[in-house]
Amino acid sequence: MLKEQGMTESTSSLSLAPSPTLIDLKANPFTLFSAWMQEAEKTEPSDPNAMVLATSTPDGRPSARIVLLKGMDHRGFVFYTNQDSRKGNELTENPHVALLFHWKSLRRQIRVEGTTTQVSPEEADAYFASRSRISRMGAIASDQSRPLADRAIFEQRLKDVEARYEDQDFIPRPANWSGYRVDPACFEFWQDRPYRLHDRATWIRNGNHWDVTRLYP
């Protein structure tokens, strides 16, 4: 039988298990996020910037996938994709999204809800140019999320793109490939504590300030 984290047959006193510091309710949510991300970058074995992105259709049918956070500042959280993909189409129809970061090594998670807008062409160009050469070619060759009858078709398209840009350093960003910025309307920070007595706190945007509330586990 699985046991709750921190539980043993001979352990029953809450005082026996050390607990992490409570979430600071006075912190700015962006500052707190950055601090948690910096800690995750030291402890997570791979992709600490991985996040679940949940989108939905206009009638509320959700879908979720893992994407990588590629930028964050006071304006929001940025990721990139083919705009003709399923998530791209859903974002066009319904800009409301949810993000979820989970860092198992730290026993922490952060939920973010907000709306998306496209990044500027200059931002998209700069990030696209920073990708590896083969990744840029792959973005051109791929009709992301669309049916592929045979893997060999995609591999041939990739070879064709490689041949097209064989002697060129500059590989242009496809017109249908860009980034989205999630402007947060709320944050929820979650910290594991023994016996499922977790610490949770929300920051909900209210005009130019945040309403902060600690939640029951």
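- Under the 4.5 Å side-chain heavy-atom criterion for ILVMFWY residues, no single connected hydrophobic cluster contains both Leu100 and Met51.
- Residues satisfying the side chain to side chain donor-acceptor pair (under 3.5 Å) test with Thr55, not counting sequence neighbours, are Ser63, Arg65, Glu90.
- In this structure, Leu148 belongs to a hydrophobic cluster whose other members, linked by side-chain heavy atoms under 4.5 Å apart, are Ile153, Phe154.
- For the pair Arg136 (side chain) and Arg131 (backbone), a donor-acceptor distance under 3.5 Å is present.
- Partners of Glu162 according to the side chain to side chain donor-acceptor pair (under 3.5 Å) rule, which considers only residues two or more places apart in sequence or in another chain, do not exist here.
- For the pair Leu22 and Arg214, the minimum side-chain heavy-atom distance is below 4.5 Å.
- Scanning for side chain to side chain contact (heavy atoms under 4.5 Å, CB included) contacts around Gln118 gives Gln83, Ser178, Tyr180, with sequence neighbours left out.
- Using a 4.0 Å cut-off between charged side-chain N and carboxylate O, Asp211 and Arg205 make no salt bridge.
- A salt bridge is absent between Lys159 and Glu155: the closest approach of a Lys/Arg side-chain nitrogen to an acidic carboxylate oxygen does not fall below 4.0 angstrom.
- Cluster membership check: Phe101 shares its hydrophobic cluster with Val97, using side-chain heavy-atom separations under 4.5 Å among Ile, Leu, Val, Met, Phe, Trp and Tyr.
- With sequence neighbours excluded, no residue forms a side chain to side chain donor-acceptor pair (under 3.5 Å) with Thr213.
- Tyr127 is connected to Val119 through a chain of hydrophobic side-chain contacts under 4.5 Å among Ile, Leu, Val, Met, Phe, Trp and Tyr, so both are in one cluster.
- Phe79 places a side-chain heavy atom less than 4.5 Å from the side chain of Leu53.
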List the atom pairs, with distances to 0.1 Å, where a side-chain N or O of residues 28-38 and a protein N or O form a donor-acceptor pair under 3.5 Å, not counting sequence neighbours.
| residue | atom | partner | partner atom | Å |
| --- | --- | --- | --- | --- |
| Asn28 | OD1 | Phe30 | N | 2.8 |
| Asn28 | OD1 | Thr31 | N | 3.3 |
| Ser34 | OG | Phe30 | O | 3.1 |

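- The pair Arg181-Glu123 counts as a salt bridge, with a side-chain nitrogen and a carboxylate oxygen less than 4.0 angstrom apart.
- Under a 4.0 Å N-O distance rule, the pair Asp73/Arg75 qualifies as a salt bridge.
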